[in-house]
Amino acid sequence: MPKLKFSNGDYCDQIGLGTWKSKPGVVGKAIESALELGYRHIDCAAIYLNEREIGEAIQQCIKRGIVKREELWITSKLWNNAHRREEVLPALKKTLADLKLDYLDLYLIHWPVAIKNSILNATLPEDYLPLSEVPVSETWQGMEAAKKQGLTRHIGVSNFSQKKLAGLLENCTEKPEVNQVELHPYLQQNELLQFCHAQGILMTAYSPLGSADRSEGMKRPDEPDLFADPVIQSIAKKHNATTAQILIAWHVHRGTAVIPKSVSPVRQKENLAAAAVKLDEADRNAIHKLDRHYRFITGKFFEIPGNGYVAIYDE
Ligand SMILES: NC(=O)c1ccc[n+]([C@@H]2O[C@H](COP(=O)([O-])OP(=O)(O)OC[C@H]3O[C@@H](n4cnc5c(N)ncnc54)[C@H](OP(=O)(O)O)[C@@H]3O)[C@@H](O)[C@H]2O)c1
């Protein structure tokens with residue numbers, strides 16, 4: 001399995017397993033099958049509301065001798081309602097208790113969006129806290145403290161634009177080590193990738209398959225389908241691979257991590273086997289031309305008139 005190298009010498013598998021929308025009663029079995037198949041990198045988040053079951057499944061696999069804790073790479077994310085400096089450690093400790101872990105491998109600020117601590121899903125403008133009141137740099141101080149205390153080995157961000165990253169880089173002691181964002185052939189974000197790599201920030205690609213199982217309310221009627229793309233399909237045919245494997249292998253070649261979500265052991269196996277698919281220059285050039293700046297996760301759900309959040313991805 002190809003790996004990403006961190007500046008302290010730590011490694012993380014480039015292909016990991018996503019867990020958003022992996023439901024209670026299903027997610028535990030999905031984690032067990034993934035670990036049995038050889039996944040060692042699991043992407044979690046407090047707001048996915050499934051970390052307890054994931055923790056149980058990890059414990060079971062450790063007990064059964066499938067995997068050792070030190071072989072795993074477990075990422076989780078700080079939810080928007082714990083952005084004040086003093087709220088970060090309690091939120092991380094809750095995630096660690098749910099996951100039954102002593103430490104995370106990577107902890108990310110999930111979104112550059114702050115909401116009140118008493119609220120889980122903000123719906124009203126007054127549920128939000130403007131970044132002028134709770135700046136990302138304040139949240140980052142909590143992240144740095146978490147790393148210092150050994151509660152997480154690495155810290156980073158998610159859904160950060162180049163502008164927001166640049167702002168944070170000017171106001172931090174420790175640099176963010178990862179930026180996890182939506183990446184696939186229709187949203188290649190080449191400039192952001194170049195910027196991150198120039199700054200020594202690694203990237204993780206989310207929704208690499210187009211996130212088809214998200215709620216209808218998050219979808220547009222005319223949304224494109226990566227699986228139906230004739231260029232991806234013809235590259236798949238050429239390599240005797242599946243379209244999902246081409247979509248995943250492309251990130252491995254680009255030097256990012258990629259975290260396709262699947263609860264099906266058959267598809268998990270297929271996705272992990274993408275590590276063996278070697279794209280050539282012609283494939284990469286053809287995929288390069290598919291970019292159309294199309295976001296499946298628009299972030300618009302955070303842009304409520306009057307809450308102070310506009311153009312989350314560009315500001
Ligand atoms: N940081 C963030 O804000 C953020 C946002 C979005 C996602 N993420 C992370 O990224 C992960 C992946 O993104 P995502 O869940 O949005 O979507 P995704 O991985 O692009 O797509 C998941 C969908 O693809 C299906 N699928 C998986 N493998 C397949 C295959 N080989 N062939 C056909 N269909 C396949 C899954 O169904 P089955 O499960 O039935 O196989 C599911 O319906 C998330 O789970 C989460 O961990 C992070």
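Start at 1 and go down the list; that is how both ligands and their atoms are numbered.
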Q. Can you tell which of C44, S207, G16 gets a heavy atom nearest to atom 13 (O) of ligand 1?
A. S207
Q) Which ligand 1 atoms does P260 reach within 4.0 Å, using its non-hydrogen atoms? A) 19 (O)
Q | Heavy-atom nearest option to atom 40 (O) of ligand 1, drawn from Q268, R214, Q180, R267 | A | R267
Q.
Is there a side-chain contact between S211 and W20 in this structure, where contact means two heavy atoms from C-beta onward sitting under 4.5 Å apart?
A. yes
Q) Are L124 and I304 close enough that some pair of their side-chain heavy atoms sits under 4.5 Å apart? A) no
Q) Would you call L169 and P176 a side-chain contact if the rule is heavy atoms closer than 4.5 Å? A) yes
Q: Considering the heavy atoms of W20, write down every atom of ligand 1 situated less than 4.0 Å from one of them.
A: 6 (C), 7 (C), 16 (O), 44 (C), 45 (O), 46 (C), 47 (O)
Q: Heavy-atom distances under 4.0 Å are what count here, so tell me which part of N159 touches ligand 1: side chain, backbone, both or neither.
A: side chain
**Q.** Nearest protein heavy atom with distance in Å, relative to atom 15 (O) of ligand 1
**A.** K21 NZ, 2.7 Å
Q) So does N240 have more than 12 non-hydrogen atoms from other groups sitting under 6.0 Å from CG? A) no
Q: Check ligand 1 against H110 and write out every atom of the ligand that is under 4.0 Å from a heavy-atom position of the residue.
A: 1 (N), 2 (C), 3 (O)
Q: Report yes or no: is the cationic atom of R69 (NZ for Lys, CZ for Arg) under 6.0 Å from the centre of the six-membered ring of Y103, at an angle within 45° of the ring normal?
A: yes
Q. Among I15, L17, I259, whose side-chain contact (heavy atoms from CB on, under 4.5 Å) with H41 holds?
A. I259
**Q.** Which segment of A244 sits under 4.0 Å of ligand 1 when only heavy atoms are counted
**A.** side chain
Q | Side-chain (R284) to main-chain (R254) donor-acceptor, under 3.5 angstrom | A | no
**Q.** Residue portion contacting ligand 1 (non-hydrogen atoms closer than 4.0 Å) for P208
**A.** both
Q | With H110, the ring-ring contact (aromatic ring centres under 6.0 Å, His included) member among W79, F160, Y206, F302 | A | W79
**Q.** Closest approach of any protein heavy atom to atom 39 (O) of ligand 1, naming residue and atom
**A.** K261 NZ, 2.7 Å
**Q.** Location of contacts on F296 toward ligand 1, heavy atoms closer than 4.0 Å
**A.** neither
Q) For ligand 1, is K77 a contact, meaning one of its heavy atoms is under 4.0 Å away? A) yes
Q: Could you tell me the residue and atom name of the protein heavy atom closest to atom 20 (O) of ligand 1, and the distance to it rounded to 0.1 Å?
A: L209 N, 2.7 Å
Q | Nearest-neighbour protein heavy atom for atom 2 (C) of ligand 1, which is reported as residue plus atom name and distance | A | Y206 CE2, 3.2 Å
Q) Does the side-chain contact (heavy atoms from CB on, under 4.5 Å) test come out yes or no for I58 and L72, once each step is laid out? A) CA-CA 9 Å; I58 292 173; L72 291 172; 3.8 Å; yes
Q. Atom 23 (C) of ligand 1: which protein heavy atom is closest, and how many Å away?
A. D213 OD1, 3.7 Å
Q | Cation-pi, Y313 ring and R295 (6.0 angstrom, 45 degrees) | A | yes
(Q) Could you go through D98 and E53, starting from their C-alpha distance and side-chain angles, then the distance that decides it, and tell me whether this counts as side-chain contact (heavy atoms from CB on, under 4.5 Å)? (A) CA-CA 8 Å; D98 285 350; E53 193 170 327; over 6 Å; no
Q. Nearest heavy atom to atom 31 (N) of ligand 1: which of N271, V263, V157 does it belong to?
A. N271
Q | Distance in Å, H184 NE2 paired with I232 CD1, rounded so as to fall on 0.5 Å steps | A | 11.0 Å
Q: Among all protein heavy atoms, pick out the one at the shortest distance from atom 1 (N) of ligand 1; state its residue, atom name and that distance to 0.1 Å.
A: S158 OG, 2.8 Å
Q | Region of Q245 that comes within reach of ligand 1 [heavy atoms, distance under 4.0 Å] | A | neither
Q: Would you kindly say whether D283 and H253 are connected by a side-chain donor-acceptor distance under 3.5 Å?
A: no
(Q) Within ligand 1, which atoms have a heavy atom of F227 less than 4.0 Å away? (A) 32 (N), 33 (C), 34 (N)
Q: Note the single closest protein heavy atom to atom 17 (O) of ligand 1, along with its residue, its atom name and the distance in Å.
A: S211 CA, 3.3 Å
Q) Are the charged groups of R214 and E223 less than 4.0 angstrom apart, N to O? A) yes
Q: Just jot down the ligand 1 atoms closer than 4.0 angstrom to any heavy atom of I259, in number order.
A: 9 (C), 10 (O), 11 (C), 12 (C)
Q) Between I297 and ligand 1, is there a nitrogen or oxygen pair with a distance under 3.5 Å? A) no
Q) Can you tell me if W111 has a non-hydrogen atom under 4.0 Å from ligand 1? A) yes
Q | Closest protein heavy atom to atom 47 (O) of ligand 1, given as residue, atom name and distance to 0.1 Å | A | D43 OD2, 2.6 Å
Q) So, does K100 use its side chain to make a donor-acceptor pair with the main chain of Q59 at under 3.5 Å? A) no
Q) Are side-chain N/O atoms of T242 and E270 paired as donor and acceptor at under 3.5 Å? A) yes
Q: Of the side chain and backbone of S262, name the one, both, or neither that has a heavy atom under 4.0 Å from an atom of ligand 1.
A: both
Q.
Distance under 4.0 Å to a non-hydrogen atom of T19: what atoms of ligand 1 satisfy this?
A. 45 (O), 47 (O)
Q: With heavy atoms of E270 as the reference, note each atom of ligand 1 found under 4.0 Å away.
A: 31 (N)
